[in-house]
Amino acid sequence: MKISLNWLRELVELPAGTDLEAVAQALTEQGLEVEGSLAKGRELAGVLVAEVLDIKPHPNANKLRIVRVRAGLRQESVVCGAPNVPPPGNRVCWAPPGARLPGGHTLDAREVRGVLSPGMICSEIEMGLAEQAEGILILPATAEHGIELAQYLGVVDEVLEVNVTPNRPDALSHLGIARELAAHFGTRLRPADLGTVSEQSSGITMDVRIDDPNACPRYTASFVSGLTVAPSPIAMRLRLQYCGIRAICNLVDVTNYVLLETGHPLHAFDFAKLSGPIVVRRARPGETMTTLDGLGRALLAEDIVITDGTGPVALAGVMGGNTSEISGATRNVLLEAAIFEPRSIRRTSRRLGLISEASYRFERGVDANSIPFAARRAAALLAKLGGGSVVAGMVDRYPRPSLPSKVKLRTAHLQRVTGVDYPATFARDQLVRLGITCEMVADGLVATVPTFRPDLRIEEDLIEEILRMGEYGKPAHKERIRSNATSQVNPEAPADRARALLASAGLHEIVSWAFVPRSALAAASGDGAQKELADGIALQNPISADYEVMRTTLLPGLADAFARNLARGVSDAWLFEVGRVVRRPAQPGQAPVERAHAAGLITGPRAEWLKPGEPVDFYDLKRIVEDLLRGFGLQDAQYRAPAGVSFLHPGVSALVTTGTGAELGCLGELHPAIARRLGIEPRVFYFELAIAPLAAATASLRAEAPPRFPAVARDVSFWSEVSLSADAQRAGFLSADEPLLRELAVLEDFRDPKYVPAGKKGMLWTMVYRALDRTLTDAEADAAHGRVVKALAKLHPIEIR
Amino acid sequence: MTANEGTPAAQNLISAFERLTAEFTAEIGSLSTEQDMRAVQARYLGKKGKATELMKALGRLPPADRPAVGESANRARAAIEEALQARLLALAGADLATDLERTLDVTLPGRGRRAGSLHPLTRVRLEIEQIFHGMGFEVRTGPWIETEWNNFDALNTPPDHPARDMQDTFFVEGGFILRSHTSPVQIRTMLAGPPPVKIIAPGNVFRRDDDATHTPMFPQCEGLHVDRKVSFEDLKATLIVFVQRFFGPDTQIRLRPSFFPFTEPSAEVDASCFLCEGKQPARSACRLCKGTGWLEIGGSGMVHPNVLQAVGYDKYDVTGFAFGMGLSRMAMLKYGVQDLRLFYENDLRFLCQFPTS
């Protein structure tokens, strides 16, 4: 909300020397955060209020005139081209040589068609006061000539941007902000003086009926007659402009001005266009109306409407109707000041996309008891600016009066919540500053909360008010914190362990959106071949098609990040993400299933010294996965092909399970067709593992002392069928149950067709034999090795080389 | 008995053994490997070696001469072995010296793949978790997909509150929403067991906002402490300890009254700007705090009695405080990152600046 400092100064006394910063700090400390301020009118300097003395034609130009002006003791003749130079005796704005106008333009004396003109007579546009104007600005004849225009109009101002939280409708006005400052500085509030308004008893009036008191607890109608529509005075227009409201004409501007001043929304109807009487009710099914913006609106029963016997003339609290709109011909006005049910206003304004200054305040709550003041203030201003008169007798219907509420505060509770032993008298003094009256009782106090503070309903609300006035800023006491470590396991720990392991392995962590385009899931799932990947939980109100469905796999995010990095010239991006995927629940109606996954992709050349090495392959990926699993203490993971995963190459991929067969995830080359659909051309290798089974499979770590006797190594080299996997060979060797065999590992899988028989592969294994209690002899080792090799040969056709 | 006292034949033999040593030393002088020298040694001392040949003459000597000649033969053997060892040692010394002359360019990069990186949002979360863990807070998490009750109603945010607007919250099929803050973890934790509760709840939250300063998904960290006699003073103390550990020991906090439906009293939390330290004239030009001297870091307050009531806690028995902060903001402050979007662009040239710990 925009607040004018000049305006505030009119409404509240401030201690001498209170500047912008002091005001901003006071408000911010009290919870009305000043987010910034704008200095206004600084670009206009040296322009003077001047009296027109006489007007002569320009000798060389028809449309120009020479105007002699007086400002204080100075008199000059200025060339002016405006059509509306007023007769002598009126006041205009003269920018003499040396004056500064917005845009950094400094005036000087210069010839205009052969006549020297000392500066110029200005329009509002030239002075930056308005975006449009017809001719020069004419000031009232009462303005003192010779003074600075900026000073006269209050052009020089500071506009504060105040962030008012939704619980403080009372602060949505200059008066409300002024009230906070009065409480802060202990000074007096100076609401606008209504003075004595001459009221006319004869004239216009109209009856008002409220059909639904819940919808409209109070409605008042004031009448002002004999008005003339005209532009508002420049000072009022400036204030509106500074506060972000466009000036329209005096009758409309007054309602906005009083709104900004008192926080009370008002509406002016052209009385002549109402047939009457006014009835406030809920809209009827099928009812329609056209609002001020010219749009036809279909109404629902939750909407509140103002009707005049012919139908709706305003959408209560949201926007007026175009049939009763103020126009240039308006003479008499019905001025509405009312309150409406916040919930209805909110729903109506949201549904129709009409959020106005009025609806904003009504939905937060406007004080019913401030209506008469706001209505009288607006009526008096209307009469003054429109040259009319206020009709005696405001119609006031108030079926549901708002009464001050009583809230009890127990001193013990105040002390318990705050942790400070405040006495009850301190609480009372703090509340009294805010206009809350207090009655002391045995165990605390009973506060009577004025109706403009609907947010103060319970004890804790009062406690905040007591602290708000200066106690928030008191220093903290660190010694209250005693370290006491907790016993609970951090549920994020397994995911964080995966992050640390993958980062150590050379992958970089990314964070991608939890929602992905539907097309990405279609691609990843092989167009639905893998249903649990395709069928993501959909957002009902996505921002765009890029954020449509909750991800079922981390692949789209990683693929997207990879493609982007590739586009930026990072060709060997090794990426990982640890995050949740969301899958459809087993039973409809249950909450979707969220699981943490770890996924990563690698590509590009293997790192070698100072030159790129061979491209990475499946086994580089597998090493990363193996190390990840080892990091979780998992020693017996199984890799099984085919993986049968839609997004992986059918021949170059595997499923990973624990030794007991619990599925952990998959790894392999990204399916080339799917990679292309995801925007990836190079060959990439991808894995995705679930964190929970990984963490669950984690065995406690057991360590052995190093062996005391030396080991003997033996190799075996043979041809085998291509289809005989390394795991199957290992199982074959192990079927010997040889107690001396300690370790065995593949050294080579050799398939060069130049040397290897068709359908075969050359295998080289190395075995380590060791006894626990002695040094093995060569003969013992040879015998053991013979048994191990024979065990494999018994199960599978192999040919020893 | 000396050589001079023996027969001429014996004396010849003794001289021959002595020459043998000199010949051997000369012969290996030009050799550079142990293998070659051992071959030469074999020609002197082996089965068919020169020493063995000379020894054959020993039998023909008078018995009285034999001990002296035998002794000289032994001396020759020992001397040859000694000469060999001496030569080997000299060679090894020369090898070592040569070996020690090797140098390389230590400024060339190390071999192999570099370690990767942890995302800045992960790093900042881990640091925050550690600080609160030290103050006795447990880490708790909850689902992204939440009920409206957990996300709003239980948190004293009735229907028709502005935060429940369609433009803020994502709705998913099945009547659920994506949580718009981490506060539902408070509700879940309190529903799961009686007080005391002392938790932090980090995690992603979702709002329908997507512009330069908002992302539709972002991480928050929530804190909650409910127990008998937990007060606003405890909240202040917790926050000051946190900011001093996170930003530095001279950091101050400023609490400002504010409004959140689920706390009363409520407070915005500002930390003093660690860049300009709030001191003029640095403050006026400070890009971080924009001249205010303060950095907004989050919201906080005393748990609203309606929230305690909603989870079945006795609002007359226990009190509590809660706080929450945006982790992206904390990471921006901590690492001097100006643009929020960098956290989500996953550009390696940005990410690789954050080492693994």
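Numbered from 1 within each chain, the chains take letters A, B, ... in sequence-line order. Please read all numbers here as calculations on a predicted model, not as lab measurements.
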For residues [X] and [Y], establish whether the separation of their ring centroids is below 6.0 Å.
X	Y	answer
A/Y472	B/F232	yes
B/F170	A/Y547	no
B/F323	B/F132	yes
B/H225	B/F321	yes

Atom of B/P120, atom of B/F350 and distance for their closest heavy-atom approach: CG-CE2, 4.2 Å
Heavy-atom pairs under 4.5 Å with chain B: which of [options] has the most?
options	result
A/A573, A/A514, A/G473, A/S504	A/A514
A/E577, A/E459, A/Q415, A/K474	A/K474
A/I463, A/V578, A/V420, A/D461	A/D461
A/S544, A/S512, A/G589	A/S512
A/G31, A/A476, A/G419, A/G506	A/G506

Residues in residues 493-502 of chain A near chain B [non-hydrogen atoms, under 4.5 Å]: A/D496, A/R499, A/A500
Does [X] pair with [Y] as a salt bridge, N-O distance under 4.0 Å?
X	Y	value
A/R564	B/E345	no
B/R113	A/D572	yes
A/R346	A/E363	yes

Which portion of B/F176 sits near chain A, non-hydrogen atoms under 4.5 angstrom: side chain
